[in-house]
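Each chain gets a letter, A, B and so on, in the order its sequence line appears, and its residues count up from 1. When reading the values below, keep in mind they use all heavy atoms of this one structure, side chains included, and skip hydrogens, waters and symmetry mates.
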There are 2 protein chains.
Amino acid sequence: MTIEQFSVRGRLADTGEGITGDELQLAARNHGMPLEGLRYDVTPPGLHYVLVHYDIPATNAADWLLEVGGCVEQPLSFGLTELRAMARRTVRVTLECAGNGRATLQPRPISQPWLSEAVGTAEWTGVLLADLLRLAGVSEDAVDVVFTGADHGVERGVEQDYQRGLSVPEAIESGAIVAWEMNGEPLPPQHGYPLRLVLPGWYGMASVKWLRSISVIDHEFEGFQNAVAYRFRTSADEPGVAVTRIEPRALLVPPGFPDFMSRHRFVAAGTVPLFGRAWSGWAPIERVEVSTDAGVNWHEATLDAAVGAGSGAGLGAEGNDDFAWRAFAYDWEATPGEHVLTVRAYDTSGREQPIEAEWNRGGFANNTAQRITVLVT
Amino acid sequence: MTIEQFSVRGRLADTGEGITGDELQLAARNHGMPLEGLRYDVTPPGLHYVLVHYDIPATNAADWLLEVGGCVEQPLSFGLTELRAMARRTVRVTLECAGNGRATLQPRPISQPWLSEAVGTAEWTGVLLADLLRLAGVSEDAVDVVFTGADHGVERGVEQDYQRGLSVPEAIESGAIVAWEMNGEPLPPQHGYPLRLVLPGWYGMASVKWLRSISVIDHEFEGFQNAVAYRFRTSADEPGVAVTRIEPRALLVPPGFPDFMSRHRFVAAGTVPLFGRAWSGWAPIERVEVSTDAGVNWHEATLDAAVGAGSGAGLGAEGNDDFAWRAFAYDWEATPGEHVLTVRAYDTSGREQPIEAEWNRGGFANNTAQRITVLVT
């Protein structure tokens with residue numbers, strides 16, 4: 001027997017095929033943010049979505065070393081103590097898994113079966129990646145920067161440490177930080193303790209956790225996670241297009257109260273304050289529209305609405321929140337009967353959420369407008 | 001349309017029926033502890049299992065009031081400030097969901113589809129429930145104590161706040177605490193902020209979160225969660241037997257590294273230190289046995305073994321850890337080929353883990369011995 005026998009290519013679910021045991025194993029480990037978590041400006045620990053490709057590694061801040069090397073003038077290594085002595089910044093960032101929405105696609109790509117809740121917003125504290133690269137001195141022949149984490153596994157037959165590459169301009173101009181704090185506390189193990197990359201505006205796969213090495217290379221990075229895994233493809237054999245920034249999305253806190261098993265919602269008739277969050281990794285959110293009749297009529301929501309009870313404490317630290325979600329609200333006059341709520345975000349780059357899903361084989365970036373069926377009593 | 005149409009009785013999966021959309025919605029919200037989390041004495045925030053029946057309510061510590069009333073000499077109410085001024089204690093407790101293991105049963109009861117990871121250990125700080133009851137003065141005709149949380153929903157057609165009852169002797173003698181801290185911090189929202197019950201040794205459904213009322217009654221509590229939901233039954237119509245304390249279970253940290261999709265494990269040949277945790281809500285763990293040949297031969301593990309890297313800081317606060325898990329270890333001489341690891345715990349009450357699952361209709365307390373298939377290379 002070989003590793004390859006147990007680590008095969010992805011496949012699509014058959015028509016009507018239920019969620020598989022493999023998918024369930026992933027869903028039981030990883031988790032989304034229950035959508036009532038949208039009420040918090042900053043997602044409390046444990047509610048922020050988590051996706052771990054392999055295992056959460058056993059790590060220790062005291063002896064952690066981050067190596068910065070490759071095509072640089074001066075290879076460097078940093079312990080946590082040295083990083084903490086540098087100029088720090090805190091940024092509020094909305095991170096979303098590239099596979100969010102995957103399990104609602106037809107046919108369903110078999111992988112982590114997200115519905116719509118693979119998102120969260122945190123305040124990350126660390127040093128600018130650009131500062132580290134400047135200290136090391138990027139060579140003129142540099143092309144890509146490769147980030148390596150400590151999590152080790154195998155994927156479609158390829159044994160690997162989790163690695164992602166980024167072009168040198170992206171690495172320097174993206175505002176990426178190498179972070180050791182989440183919401184003012186050391187990173188939780190599942191979020192990359194003791195050190196991780198945070199790349200604002202990009203899907204989460206780019207924000208390498210348990211970061212132990214930054215290596216500048218003189219060619220395009222062809223590692224598995226860039227060249228094989230995170231690609232938009234419609235057939236298995238095409239090279240595909242890289243998954244990069246987060247497409248716009250708006251999500252409502254589902255109103256009323258739920259049935260335990262079906263999660264169907266029930267609301268009392270009258271004025272129902274709808275509240276949610278919208279974000280895009282491409283450009284600022286410009287407009288959010290709400291429909292309470294399954295998309296027949298649309299109403300513009302109020303942006304930057306006041307947040308409900310239990311919220312965080314206002315604006316992002318130092319105003320570094322260009323890639324954090326924005327609140328929106330809309331008062332719905334709910335009348336008895338069944339209603340379908342739906343919501344869509346537009347950003348200033350001209351991107352908007354589709355009403356019908358655009359399918360791709362990896363199930364990436366499915367930002368189809370949310371639909372919530374509500375029974376008003 | 002009525003609430004009842006959308007909130008129906010539980011059912012069993014058909015033969016070969018995959019995980020349903022309803023189950024997936026629950027699995028995407030709630031989450032288990034990735035089993036590498038067994039390495040920590042105390043489970044870090046966000047790794048501890050979470051099950052929320054309805055929505056996480058919006059709550060606020062500043063104006064929270066806990067009412068203690070019913071069959072008492074003096075009805076009382078407590079804000080957080082008053083509770084914090086009382087004699088506090090910290091207990092280390094392993095909590096497990098009563099439905100842990102449900103999704104591996106045949107036929108599968110359709111509900112939250114846990115595999116084996118719905119567990120976690122935390123240090124809870126609060127006041128003894130017995131102290132609160134003593135202050136209020138329990139009447140002589142008291143029979144049960146009813147705990148009401150702030151989470152509201154509907155389940156099998158019954159609209160309800162989440163409520164559980166406990167007999168007066170159980171309430172007073174169980175060592176239950178009314179807690180406002182988890183691991184030295186305010187409770188996270190999903191774990192009951194600002195106040196919850198923690199009932200050591202019992203499955204998690206008894207530890208009511210977002211606790212707002214404790215009411216002493218002069219008859220047996222017949223609420224939904226006690227009389228309908230958490231019962232051992234083999235057919236739908238029998239009254240069944242109450243689910244109470246946690247059955248013994250041992251779980252290994254899966255060794256080696258995983259395949260992303262199948263979670264199949266790969267290990268290098270040689271001495272492999274196996275490590276895990278075992279617990280029981282009935283009595284102390286007496287023995288843990290490990291088999292590396294699918295249960296043909298069994299070997300006694302070393303109890304209270306030293307923990308691996310990244311662990312917590314030793315014994316439970318004040319030694320209050322009678323219901324916390326115990327570490328175990330066993331060195332496996334791994335030879336190339338496929339091996340099935342399995343492990344079982346015994347407690348001093350004579351309870352032991354079964355090798356074959358004992359089925360019940362709700363899928364409760366399935367503590368069948370863990371099995372991990374490993375390819376040694």
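- Residue Arg371(B) places its CZ atom among 12 or fewer non-hydrogen atoms of other residues, nucleotides or ligands, all under 6.0 Å distant.
- For the pair Arg277(A) and Asp41(A), the salt-bridge criterion is met [side-chain N within less than 4.0 Å of a carboxylate O].
- Between chain B and the options Ala61(A), Ser116(A), Gly153(A), the largest number of non-hydrogen pairs under 4.5 Å is found for Gly153(A).
- In terms of non-hydrogen atom pairs under 4.5 Å with chain A, the most contact-rich of Glu117(B), Gln112(B), Glu338(B) is Glu338(B).
- With hydrogens and angles disregarded, no donor-acceptor distance shorter than 3.5 Å links the side chain of Asn183(A) to the backbone of Pro44(A).
- Contact of Ile56(A) with chain B is made through backbone and side chain together, with heavy-atom distances under 4.5 Å.
- The pair Glu23(B)-Arg102(B) does not count as a salt bridge, with every side-chain nitrogen at least 4.0 angstrom from each carboxylate oxygen.
- For the set Leu35(A), Asp55(A), Val52(A), the entry with the most heavy-atom pairs within less than 4.5 Å of chain B is Asp55(A).
- For Phe364(B) and Tyr230(B), the ring centers are positioned less than 6.0 Å apart.
- Proximity to chain A (any heavy atom under 4.5 Å) is shown, for Ile110(B), by both the backbone and the side chain.
- Among Pro258(A), Ala118(A), Pro254(A), Gly18(A), the residue making the largest number of heavy-atom pairs under 4.5 Å with chain B is Pro258(A).
- A salt bridge is absent between Asp151(B) and Arg212(B): the closest approach of a Lys/Arg side-chain nitrogen to an acidic carboxylate oxygen does not fall below 4.0 angstrom.
- No other option in Ile3(B), Leu115(B), Leu26(B) has as many heavy-atom pairs under 4.5 Å with chain A as Ile3(B).
- Put simply, the residue from Thr59(B), Asn60(B), Leu65(B) that forms a side chain to side chain contact (heavy atoms under 4.5 Å, CB included) with Asp63(B) is Asn60(B).
- Residue with the most contacts toward chain A among Glu17(B), Glu155(B), Glu185(B): Glu155(B) (heavy-atom pairs, distance under 4.5 Å).
- When atom types are taken as modelled, the side chain of Arg39(B) and the backbone of Val253(B) share no donor-acceptor pair closer than 3.5 angstrom.
- In this structure a side-chain-to-backbone donor-acceptor pair under 3.5 Å is missing from Thr43(A) to Ala122(A).
- Using a 4.5 Å cut-off between heavy atoms, Pro57(B) contacts chain A through its backbone alone, with no side-chain atom that close.
- With a 4.5 Å cut-off on non-hydrogen atoms, Tyr54(B) touches chain A through its backbone and its side chain both.
- Per-residue counts of heavy-atom pairs under 4.5 Å with chain A were compared for Leu47(B), Thr20(B), Thr2(B); the largest is that of Leu47(B).
- Heavy atoms of Arg265(B) lying under 4.5 Å from chain A belong exclusively to its side chain.
- Ranked by heavy-atom pairs under 4.5 Å with chain A, the list His53(B), His48(B), Gln5(B), Met33(B) is led by His53(B).
- Gln225(B) contributes no side-chain N or O that, together with a main-chain N or O of Arg164(B), makes up a donor-acceptor pair within less than 3.5 Å.
- Contacts between Pro34(B) and chain A at a heavy-atom distance below 4.5 Å involve backbone atoms as well as side-chain atoms.
- Interface summary for chain B: among Thr377(A), Val8(A), Leu375(A), the most heavy-atom pairs under 4.5 angstrom belong to Leu375(A).
- Top candidate by heavy-atom pairs under 4.5 Å with chain B, chosen from Ser262(A), Ala103(A), Gly337(A), is Ser262(A).
- Remark: Leu24(B) CG to Arg29(B) CZ distance equals 12.5 Å, nearest 0.5 Å.
- Contact of Gln25(B) with chain A is made through backbone and side chain together, with heavy-atom distances under 4.5 Å.
- In this pair, Trp114(A) and Tyr49(A) present their aromatic rings perpendicular. The plane angle is above 60°, beyond the 30 to 60° band.
- Here Ser7(B) is the residue among Ala27(B), Ser7(B), Gly32(B) with the most heavy-atom pairs under 4.5 Å with chain A.
- Looking at His152(B), the atoms closer than 4.5 Å to chain A (heavy atoms on both sides) sit in the backbone and in the side chain alike.
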